[in-house]
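Please read the structure below before turning to the comments.
Proteins get letters first, then strands, A, B, ... in listed order; numbering begins at 1 in each. None of these values were measured; they are calculated from a predicted model.
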Amino acid sequence: MPHLVLDSLSADYGRDPVLSDVGLSVERGEIVSIIGPSGSGKSTLLRVLVGLLRPRAGTVAVAGTPVDYGSDAALRKVRERFAIVFQQYNLFQNMTALRNVTVAPTVVKGRPAGEVEAEARALLAKVGLSHRVEAYPDELSGGQQQRVAIARALALKPDILLLDEVTSALDPELVSEVLDTIRLLAADGMTMLIVSHEMAFVREISSKVVFMADGRVVETGPPAQIFDAPQTERCADFVRRILRH
Amino acid sequence: MAALLDELPRFFSYYNVIFLAQAFAYTAGLSLVGCGLGFVAGFGLAVLRQERVMRFAPVRILALLYVELFRRIPFLVLLMVVFFGFQLAGADVPMFVVAATTVALSAAAFSAENVRAGLEAVHRNQWDAAETLNMGGLRALRLVVLPQAWRIIIPPSMTYAVGLVKATSIASQIGVAELTFAAKILNQKGFSPALCFGTILVLYFVLCWSLNRFAAHLEVRLAPSRSR
Amino acid sequence: MGYTLQYGQVTPYLGYLAGGAWLALQIAAVAFLIGWAIGLVCASVLHYGPRPARWLVRAYVTFFLNTPLLVQIFFIYFALPDYGILIGSVEAVILGMSLNAGAYMAEIQRAGFASIRRAEIEAAETLGFSRLQQIRYVILPHIAKVLYPPLSNQYIILTMTTSVAAIFGVEELTGRAYNINAQTFRSLEIFSIAAVYYVVLTVIASAVLYAIGRFLFRIKGKVF
Ligand SMILES: Nc1ncnc2c1ncn2[C@@H]1O[C@H](COP(=O)(O)OP(=O)(O)O)[C@@H](O)[C@H]1O
Ligand SMILES: [Mg+2]
């Protein structure tokens with residue numbers, strides 16, 4: 001049974017539809033990447049999954065159980081399964097790296113501080129930041145901040161990790177450190193849904209690539225198909241343009 | 001001018017100085033109590049206006065309505081409404097309560113605007129991140145947003161408080177023993193208006209100018225050179 | 001609790017109150033225009049004037065920003081006659097309001113002048129604009145756009161401020177509310193209606209000023 005299934009998902013910000021009839025499925029431990037032009041609804045799709053935006057129609061199922069986006073209580077359950085990392089990191093500016101990672105497990109889940117802190121230090125070590133745990137976000141480079149954000153997301157022990165263009169705001173020389181972190185998670189068997197413009201990385205790490213345009217899934221297939229033999233004109237067009245540089 | 005100088009020793013008699021000092025304290029106390037209560041209420045109103053905290057739209061609209069109404073009512077008119085409101089409700093309260101209530105009602109509306117501006121200056125991605133970590137609106141406010149917003153909220157609130165100190169002069173209309181009322185009393189006792197009103201102008205100036213300097217100092221000190 | 005609100009008794013006075021509102025708007029407009037002129041002169045002095053003049057203007061602005069309008073008017077109305085300057089109540093109120101507003105508008109306009117960006121002028125110079133063209137096409141539009149919102153706020157604040165005129169027996173909106181109160185003793189009704197008048201008055205002013213700002217300067221922000 002697939003780990004995550006989206007079926008005919010639609011959403012909007014109050015006016016024109018931003019997502020229409022989106023469907024896709026992700027196996028346990030699989031890494032699926034979403035590509036597509038800016039404004040095609042990739043971020044919106046992830047926002048819907050974590051309950052920042054309620055879907056207008058359609059269903060989401062995790063391990064065969066439909067996800068209920070209807071009530072606050074249900075939303076809390078949703079967010080225990082999905083964790084998201086944003087393009088702009090969105091670290092809490094008033095907290096150290098360590099506190100960013102520990103705040104949700106201790107305050108929200110009420111777990112013992114000592115235990116959580118040990119885990120957080122281990123996570124920060126895993127993303128290569130054991131020497132910067134007491135630093136505030138504005139004392140960290142973009143790449144370091146993004147790795148803290150990944151550690152923060154992992155601290156909640158999610159089933160599925162959503163990554164939204166996590167390298168787009170970074171200077172080129174900082175991209176690889178974040179990608180290495182994601183490779184590490186892939187090796188651990190984490191189920192991930194990744195929005196990215198790093199085509200070489202997408203090709204290397206994903207078992208499936210979803211091409212979106214205008215809020216719709218236009219083409220889905222293994223990287224070899226999407227990048228080398230796209231079946232649709234729009235996907236071919238997009239891939240050609242983005243691979244040229 | 002010479003007449004004024006002649007009058008000086010008589011005007012600054014022991015009793016008059018005590019009288020003015022008490023009035024000064026009354027003005028300061030009235031401002032402090034009124035602004036304090038008003039700020040707390042305004043803070044509550046601003047929080048109730050946040051969609052992330054208050055999900056129930058009618059409450060948000062009521063909070064907005066309060067702010068929009070009360071910041072558009074002149075202090076004198078509000079004072080009369082409160083004065084007669086208490087009177088007709090049969091509540092025999094001291095005039096200090098009437099005046100402080102008026103200051104608080106007005107301060108609440110303006111503070112709510114300052115607090116809202118401060119909260120909204122914190123990037124909404126901070127709310128988003130808190131929400132995806134299951135923090136809930138109030139917790140996100142307390143742990144994430146307020147620690148970043150308070151330094152944006154405090155300076156304009158201080159500046160606004162100075163405005164209210166000046167507005168308390170209007171409370172002289174219901175006979176509370178603050179500075180302006182004291183000046184009118186002294187004037188009625190036969191002291192020349194230039195001395196009476198000139199003196200309290202200086203006293204108001206001392207109070208307001210120091211507060212404004214303090215606000216300016218805070219603005220520099222709290223300026224988020226870094227965002228925490 | 002024997003008291004019940006009876007708005008019926010005061011309805012005949014609604015027109016009379018509206019007349020007071022009209023007077024309030026006129027007082028606000030006059031005080032605004034004088035205050036604006038004072039503020040413009042002061043802001044220019046602060047920017048371009050000689051040191052003693054700047055110092056004098058600073059003192060004026062600082063003094064008026066840190067003392068209550070009501071006491072300023074008391075001083076003008078009661079103290080000046082002792083020195084041979086006789087002044088009527090409306091005039092005293094308008095003078096006080098103008099001097100007070102002048103101080104605020106000096107601050108506002110000084111900040112507006114200070115916001116003219118060197119870069120914009122340099123860009124205009126490299127495009128070959130003459131000095132006059134720079135003023136006409138670059139500096140004035142910039143200043144108008146920067147000053148419009150705070151000056152609009154000032155106008156609305158002045159509209160509410162006119163209510164202190166009642167204390168000096170001027171029969172504007174609040175003054176007329178006092179008059180009706182003396183005749184009918186429906187105090188709470190009459191003052192709450194006066195409050196509603198001010199709300200309506202300022203909401204309309206906000207809407208009109210917003211529309212003008214939007215149309216003339218493409219300013220999207222809310223006014224007051
Ligand atoms: N908060 C929002 N309010 C209204 N429209 C939005 C909002 N966020 C995104 N949109 C619109 O939704 C569409 C999809 O945006 P997004 O999901 O961010 O695209 P992508 O991540 O693929 O670049 C765009 O047309 C964008 O303008
Ligand atoms: Mg996006």
>> Quick check on the interface: out of B:N134, B:L133, B:V122, B:T132, who has the most heavy-atom pairs with chain A under 4.5 Å?
In response: B:N134
>> Between B:H123, B:R55, B:E131, B:M135, who has the most heavy-atom pairs with chain A when the cutoff is under 4.5 Å?
In response: B:E131
> Do you know which of A:V107, A:V103, A:L156 has the most heavy-atom pairs with chain B at a distance under 4.5 angstrom?
Replying inline: A:V107
>> So, using salt bridge (charged side-chain N to carboxylate O under 4.0 Å, His left out) as the criterion, who are the partners of A:R183 when residues are at least two apart?
In response: A:D180, A:E204
> Is a side-chain donor-acceptor pair under 3.5 Å present for B:Y26 with B:T168?
Replying inline: no
> For A:F86, is it the side chain, the backbone, both, or neither that has a heavy atom closer than 4.5 Å to a heavy atom of chain B?
Replying inline: side chain
> Does any pair with a residue in residues 87-103 of chain B pass side-chain hydrogen bond (donor to acceptor under 3.5 Å, both in side chains), and if so which ones, sequence neighbours excluded?
Replying inline: none
> Do NZ/NE/NH1/NH2 and the carboxylate oxygens of A:D68 and A:R81 come within less than 4.0 Å?
Replying inline: no
> Of all heavy-atom pairs between B:L143 and A:N94, which one has the smallest distance, and what is that distance?
Replying inline: O-ND2, 2.8 Å
> Pick from A:R76, A:R47, A:R79, A:K109: which one has the most heavy-atom pairs with chain B under 4.5 Å?
Replying inline: A:R79
